[in-house]
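See structure below.
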Amino acid sequence: MDAILLQILNGLDKGSAYALIALGLTLIFGTLGVVNFAHGALFMLGAFCAVTLQRLLSLSFETIDETKTDFLGNPLKVKTPYVEGWFGPEVGGAIIDWAVPLSVIIAIPIMIGVGYAMERGLIKHFYKRPHADQILVTFGLAIVLQEIIKYFFGANPIQTPPPDALLGVVNIGAAFGLEIAYPIWRMVYFLFAIAIIGGVFSFLQFTTFGMVVRAGMADRETVGLLGIDIDKRFTTMFGLAAAVAGLAGVMYGPINPPNYHMGMDFLVLSFVVVVVGGMGSLPGAVLAGFMLGILESFASTTWATTTIPGINQIIIYLVAIIVLLTRPRGLMGRKGVMED
């Protein structure tokens, strides 16, 4: 039982990333009808928002510490972060330590701006073009973005540690008499993903803006005939989808150090998640994300890889084949989506 629960937990963090990215993909496809292959790059950009803030907070100046000397007796030069100089060692040190969670604050406007610029500057010109054209242009954009990141940050993964208070593990099975030690930050990531998913669904379900968007997803022409500028609202949703992907990347950095190709690593799998869940179905994208993350976790166990070598690399695609053979529209797909 301990081993089973541990594998479920292991699948939840990757499943959380799949669910968040797939949620953003489905928001874009459901509102604009665009197959956005640059969405993985938005996940990567979010992770590098955390890297950038961490580097900015680590900028320092040199001072001479008369109390410390080298072997020749000369006073040592000490580097002090500007943040500690401005706010003091305790407050400044805490700000540096909590760089990743603080990145969420700056990532939201940055990712909304990136999404808005992407939609207005490029994607709006491909609304009425075939899906193949949309895939090619957004895939090209993803390559450009990852090469820009590679140029400025290099090709090697960059460590973005979580706050010291959230390091280590916690026995989450103690209340049930089980020994299940699990990293604290992975639990934080899962709870963060649940909060973001809940926030998006609440926004769409309980706000006037969200209700108009849902109506536009169901019948865009009728909403437009009512005098509502649905295009402007859909552009806002593109920015929201970009923010969701970016926030997923920000918080995923301590789990998997950011690198320039991390967006591509998640992109194809996230599209598989969307297809399994059902094109255009937001609940389906979330359900499939968590389900496939957990299945991938079980497939990565020693027993599974020994019994069927390489099963951890193909399990998601096998599940996709089985689901699409039995349910061609996916688990929760809507009739008429991608069927013309």
Side-chain angles (χ1 to χ4, degrees), residues 13-29 34-56 99-119 121-123 134-162 185-186 189 192-193 196 238-274 285 289 293 316:
D13 56 68
K14 184 163 284 190
S16 297
Y18 290 157
L20 287 174
I21 300 174
L23 179 63
L25 280 169
T26 306
L27 278 173
I28 292 173
F29 182 81
V34 174
V35 181
N36 181 23
F37 259 63
H39 203 70
L42 298 174
F43 175 76
M44 172 200 64
L45 290 177
F48 277 92
C49 283
V51 172
T52 301
L53 181 63
Q54 189 177 54
R55 290 189 173 183
L56 289 175
V100 172
L102 290 175
S103 301
V104 170
I105 299 173
I106 67 167
I108 292 174
I110 290 175
M111 295 309 303
I112 290 176
V114 169
Y116 185 87
M118 185 186 297
E119 193 274 339
L122 179 65
I123 296 199
Q134 298 171 359
I135 291 172
L136 287 173
V137 72
T138 53
F139 187 75
L141 177 61
I143 293 175
V144 170
L145 290 174
Q146 82 169 22
E147 289 302 314
I148 291 174
I149 292 297
K150 181 180 178 182
Y151 176 79
F152 285 103
F153 293 93
N156 296 323
I158 301 172
Q159 297 292 330
T160 53
W185 185 259
R186 289 177 181 264
Y189 188 77
F192 176 80
I196 294 295
F238 195 104
L240 176 63
V244 169
L247 294 179
V250 168
M251 298 293 281
Y252 199 73
I255 297 175
N256 188 18
N259 57 74
Y260 74 98
H261 58 77
M262 67 184 298
M264 290 297 185
D265 294 342
F266 275 88
L267 177 64
V268 176
L269 292 174
S270 298
F271 264 100
V272 174
V273 170
V274 171
I316 287 182

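Side chains are part of it too, since the values below use all heavy atoms of this structure and drop only hydrogens, waters and symmetry mates.
Between Val250 and Cys49, the shortest heavy-atom contact is CG2-CB, 4.4 Å. Closest approach of Trp185 to Pro101, counting heavy atoms only: CH2-CG, 4.2 Å. Of all heavy-atom pairs between Ala248 and Tyr189, the closest is O-OH, 3.0 Å. Of all non-hydrogen atoms in Gly289 and Val273, the two that sit nearest each other are N-CG1, 3.4 Å.
The shortest side-chain heavy-atom distance between Asn156 and Asn259 does not fall under the 4.5 Å cut-off. Residues Pro161 and Gln54 are in side-chain contact: their nearest non-hydrogen atoms beyond the backbone lie under 4.5 Å apart. Contact check for Ile316 versus Leu269: side-chain heavy atoms found under the 4.5 Å cut-off. Side-chain contact check for Tyr252 versus Phe43: some heavy-atom pair is nearer than 4.5 Å.
Between the CZ atom of Phe238 and the CG atom of Leu42 there is a distance of 6.5 Å, given to the nearest 0.5 Å. Atoms CD1 and CG, from Ile28 and Leu23 in turn, are 10.0 Å apart once rounded to the nearest 0.5 Å. Put simply, CE on Met251 and OG1 on Thr160 are 10.5 Å apart, with the number rounded to the nearest 0.5 Å. With rounding to the nearest 0.5 Å, the separation of OG1 in Thr52 from CZ in Phe153 is 3.5 Å. The structure places NE2 of His39 at 8.0 Å from CG of Leu27, a figure rounded to the nearest 0.5 Å. One distance of note links CD1 of Ile149 with CD1 of Ile158; it measures 9.0 Å at 0.5 Å rounding.
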Go through the steps to decide whether Leu247 and Ile196 satisfy the test side-chain contact (heavy atoms from CB on, under 4.5 Å), and finish with yes or no.
CA-CA 9 Å; Leu247 294 179; Ile196 294 295; 3.8 Å; yes

Is there a side-chain contact (heavy atoms from CB on, under 4.5 Å) between Asn36 and Gln134 once you walk through the steps?
CA-CA 7 Å; Asn36 181 23; Gln134 298 171 359; over 6 Å; no

Atom pairs and distances, side-chain donor-acceptor, residues 103-117, under 3.5 Å, sequence neighbours left out:
residue: Ser103; atom: OG; partner: Ala99; partner atom: O; Å: 2.7

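Residues meeting the side chain to side chain donor-acceptor pair (under 3.5 Å) test with Asn256, sequence neighbours left out: none.
Applying ring pair (Phe, Tyr, Trp, His ring centres under 6.0 Å) to Phe37 and the options Phe266, Phe29, Phe271 leaves one that passes, Phe271.
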